[in-house]
Novice: 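Quick one: the structure is below, and I'll ask about it shortly.
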Amino acid sequence: MTDPFNLDESDLPAARAAGPRPGGIAARAQAAMAGAPRYVEALNPEQRAAVEALDGPVLVLAGAGTGKTRVLTTRIAHIIATGRARAHEILAVTFTNKAAREMKERIGALAGPVAEGMPWLGTFHSIGTKILRLHAELVGLKSGFTILDTDDQIRLIKQVLQAENVDDKRWPARQLAILIDGWKNRGLEPARVPAGEAEAFANGKGRALYDFYQRRLKQLNAVDFGDLLLEGLRLLRDNPDVLAEYQRRFRYILVDEYQDTNTVQYLWLRLLAQAAGDGPRNICCVGDDDQAIYGWRGADVDNILRFEKDFPGAFVVRLERNYRSTGHILAAAAHLIAHNEGRLGKTLFTDGDDGEMPAVQGVWDSEEEARVVGEDIEQGQRRGESLEEMAILVRASFQMREFEERFITLGLPYRVIGGPRFYERAEIRDALAYLRCVAQPADDLAFERIVNTPKRGLGEAALQTLHDHARRMEAPLMRTARLIVETEELKPKQRQALRALMDDFDRWSALIDSKPHNELAEMVLEESGYVDMWQKDRSADAAGRLENLKELVRSMEEFPDLGAFLEHISLVMDAENAEGEERVSIMTLHAAKGLEFDTVYLPGWEEGLFPHQRALDEQGRSGLEEERRLAYVGVTRARKRAKIFFATNRRIRGLWQTTIPSRFLDELPADHVEVVEQASASYGGYGASRFNALDSFGSSYDTPGWRRAQTRGPAGAASAAGAYAERGGYSRGAQGASSPARRGPATIEGELVAKSASASAYAAGTRVFHLKFGNGSVVSVEGNKLTVEFDKAGRKMVLDSFVEKAG
DNA sequence: CGGAGCGGGATTTTT
DNA sequence: TCCCGCTCCG
């Protein structure tokens with residue numbers, strides 16, 4: 001008999017023949033007969049209620065460590081098992097690719113290979129892309145549109161600013177990019193941006209620039225990240241038939257981390273979840289208002305606070321039974337977060353032990369802070385604890401360096417989560433730009449990026465010439481380049497370099513269907529001289545970059561073709577480390593959300609740093625509350641031990657500042673927190689820290705770090721350096737493996753040449769004007785190429801499309 | 001084109 | 001204080 005988890009559209013007729021109709025009475029009776037399935041029995045009563053409430057809107061308020069993902073995945077399995085919907089009728093959205101991947105894996109583990117049949121499980125952006133591609137023409141795009149990343153976006157905005165004669169010193173492109181992003185996050189198209197805001201940029205030009213930028217995107221058949229959602233929203237809003245189709249299709253909607261949704265995401269969800277005449281929609285949002293920490297990038301906690309108003313009659317479940325932390329840790333976290341107003345209110349509890357009290361310790365400065373943490377880690381090691389189970393969670397990334405330096409000294413292996421992200425690394429961006437040029441010859445931004453990387457002598461001037469002509473011809477740069485190398489627009493050296501490059505691209509593009517895409521990528525990187533460039537580079541990180549490139553090529557194997565890979569890469573950005581030896585993790589509090597460790601170190605609890613001054617200045621009370629939630633997230637990451645530190649002196653922007661302890665410290669419950677006295681009494685004393693340093697140095701002959709150094713000799717140090725270099729390594733994800741193959745629209749090279757050849761309107765003797773060479777007389781015509789005797793520049797061969805009749 | 005020298009800015013970060 | 005990006009100059 002057909003496995004109910006394996007159903008998908010193609011199975012449909014067979015399934016109908018072989019078993020009860022999904023969702024039919026027989027199927028439901030069958031499910032009821034079997035009693036509650038095992039996966040449901042393993043849940044606690046609240047979790048079970050959340051899983052089994054299958055009619056109407058459900059809000060699951062899931063506190064930290066209460067089994068949120070478990071509920072989400074079990075609910076999906078349950079929906080399918082009971083025949084309420086099939087895998088492809090469930091929309092499940094997450095924020096990160098990592099979360100989506102994890103969910104797929106866990107559903108797979110729970111219910112067999114059903115995850116493969118869940119085409120609508122993914123991030124907001126990947127699902128937005130998918131829908132947008134299917135109906136691109138309805139919003140003025142072609143299905144093969146490219147997705148610009150932040151860097152491309154800024155470059156494009158810069159061009160817009162230049163075209164509109166806006167001084168980009170006074171009004172930086174970056175700033176406009178932030179504004180536009182913000183507007184898109186709030187679901188605002190150019191016309192709907194509030195006048196006051198639109199006018200604030202570039203003396204009232206804000207709206208026009210936004211509008212112009214959108215038009216440029218359309219011309220390039222491109223979208224930015226914000227568009228994936230905003231255009232997706234517009235699509236559904238303006239096309240009721242399309243909307244109805246998706247409303248019918250998605251019998252169940254599940255949303256992870258609902259507290260992090262921004263306005264567009266909210267509007268998009270609300271549209272899809274709207275009652276379509278046949279009863280309440282089955283939307284289930286899971287989240288924790290106490291862990292909303294992304295307000296600064298457009299997330300709106302109010303979305304979750306408002307849920308019951310948006311979806312009247314919603315069933316609300318609170319998950320408060322915590323399976324992660326000890327009693328003291330939960331008590332400390334609860335007392336802290338209780339200082340926030342406007343929460344839905346939850347109190348975590350555990351059946352477990354009280355455990356150790358969270359510790360608060362003052363230190364002299366950040367150096368001592370790092371030293372004390374380092375010693376504590378080594379002590380933990382001596383007790384047999386794993387480095388994998390320890391993490392240092394900082395407010396701001398500049399705090400990391402001190403710890404890294406200390407750990408290198410100690411030879412303590414560590415990893416930094418979320419350093420410069422993999423896809424943002426220059427070498428990866430360059431490599432991807434090459435591949436984009438091969439797959440999408442009209443991708444001007446990609447071409448611009450690599451045209452002179454490695455150096456080919458095609459600098460700013462050459463690029464400008466190319467740009468001028470591309471604009472005149474309204475053609476992509478690469479197509480223009482092919483024409484321009486036939487003429488004398490460029491200096492011979494540059495012309496030759498450009499021709500060589502174009503020949504390369506022709507060769508590579510020709511192989512796109514015949515050569516495996518990872519081999520093609522390897523070939524491109526080799527033959528373009530790009531690999532060579534890094535091999536010749538003697539800087540410290542060149543080796544790492546080559547490693548990254550290899551990893552990139554390796555990761556391509558998982559995708560059916562180049563198009564699918566590029567699509568995936570434009571959506572993915574998450575960084576993890578390869579396995580190897582055990583390491584302590586260092587990361588920001590933001591990056592720590594969703595993770596847990598036995599021991600968590602929380603340094604830098606000082607006014608101005610945490611809560612961060614800027615959050616207070618810019619967001620006032622709501623900023624403070626978000627900082628407090630961040631503190632709550634930090635404390636609740638700990639299973640057994642939370643150790644909080646504050647320094648009396650900290651160097652901020654090169655200036656030493658005396659700091660005062662964070663207000664959050666006083667918001668912790670006194671009877672659940674231990675205040676650590678320092679044995680050496682160095683705290684607060686001038687020079688005492690030096691004494692302490694000697695003291696700890698003296699005792700360090702017995703530390704694991706010292707022993708490591710003894711047993712491994714220089715290798716120990718090398719490994720620490722390796723850990724340093726590895727900062728922010730990554731792992732590849734298989735998330736896009738199922739995305740259908742696609743590629744930009746095929747371009748027929750040379751079509752332009754043929755067209756203009758027949759249209760040559762210049763006879764010998766015609767007076768013409770050329771952008772670069774000025775006025776001249778046509779000497780002879782050969783197809784679309786003209787030989788012109790220029791008054792100033794002499795005799796040159798140019799393309800006819802580059803000149804116009806002199807007036 | 002590439003290097004030196006200068007000025008401004010410096011949380012958090014995913015897609 | 002340090003780092004990045006831009007400008008200017010060789």
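Proteins get letters first, then strands, A, B, ... in listed order; numbering begins at 1 in each. Because the structure is predicted, anything quoted here is derived from the model rather than measured.
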Novice: Collect all protein-nucleotide pairs involving nucleotides 1-5 of chain B in which both atoms are nitrogen or oxygen and the distance is under 3.5 Å.
Specialist:
from: dC1(B); atom 1: OP1; to: Asn452(A); atom 2: ND2; distance (Å): 2.7
from: dC1(B); atom 1: OP1; to: Leu458(A); atom 2: N; distance (Å): 3.3
from: dC1(B); atom 1: OP1; to: Leu458(A); atom 2: O; distance (Å): 3.2
from: dC1(B); atom 1: OP1; to: Gly459(A); atom 2: N; distance (Å): 2.3
from: dC1(B); atom 1: OP2; to: Glu460(A); atom 2: N; distance (Å): 3.3
from: dG2(B); atom 1: OP2; to: Lys455(A); atom 2: NZ; distance (Å): 3.4

Novice: Who are the side chain to side chain donor-acceptor pair (under 3.5 Å) partners of Gln613(A), not counting sequence neighbours?
Specialist: Asp617(A)
Novice: Under the rule for salt bridge (Lys or Arg N to Asp or Glu O under 4.0 Å), what residues qualify as partners of Glu448(A), not counting sequence neighbours?
Specialist: none
Novice: Test: salt bridge (Lys or Arg N to Asp or Glu O under 4.0 Å). Region: residues 171-188 of chain A. Which pairs qualify, not counting sequence neighbours?
Specialist: Lys184(A)-Asp224(A), Lys184(A)-Asp227(A), Arg186(A)-Glu197(A)
Novice: Among all residues two or more places apart in sequence or in another chain, which pass the side chain to side chain contact (heavy atoms under 4.5 Å, CB included) test with Asn262(A)?
Specialist: Asn185(A), Val264(A), Gln265(A)
Novice: Is there a side-chain contact between Ser397(A) and the phosphate of dT12(B), meaning an N or O under 4.0 Å from OP1 or OP2?
Specialist: yes
Novice: Listing time: all N or O pairs from protein to nucleotides 4-7 of chain C that are below 3.5 Å?
Specialist:
from: dC6(C); atom 1: OP1; to: Lys158(A); atom 2: NZ; distance (Å): 3.3
from: dT7(C); atom 1: OP1; to: Lys169(A); atom 2: NZ; distance (Å): 2.7

Novice: With sequence neighbours excluded, what pairs up with Pro454(A) under the side chain to side chain contact (heavy atoms under 4.5 Å, CB included) test?
Specialist: Tyr434(A), Arg456(A), Tyr530(A), Met533(A)
Novice: Would one find a side-chain N or O of Asn97(A) under 4.0 angstrom from OP1 or OP2 of dT15(B)?
Specialist: yes
Novice: Within the modelled atom types, does a donor on one side and an acceptor on the other bring the side chain of His612(A) and the base of dT11(B) under 3.5 Å apart?
Specialist: no
Novice: Tell me, please, which residues at least two apart from Ala163(A) pass side chain to side chain contact (heavy atoms under 4.5 Å, CB included).
Specialist: Phe212(A)
Novice: Among residues 586-597 of chain A, which ones have heavy-atom contacts with DNA chain B below 4.0 Å?
Specialist: Thr588(A), His590(A)
Novice: Would you please name every residue forming a side chain to side chain contact (heavy atoms under 4.5 Å, CB included) with Thr94(A), sequence neighbours left out?
Specialist: Ala99(A), Ala100(A), Met103(A), Thr123(A), Asp256(A)
Novice: With sequence neighbours excluded, tell me which residues meet side chain to side chain donor-acceptor pair (under 3.5 Å) with Arg499(A).
Specialist: none
Novice: What pairs with Glu667(A) under salt bridge (Lys or Arg N to Asp or Glu O under 4.0 Å), at least two apart in sequence or on another chain?
Specialist: Arg628(A)
Novice: By centroid distance (under 5.5 Å) and plane angle (under 30°), are Trp296(A) and dT12(B) in a stacked arrangement?
Specialist: yes
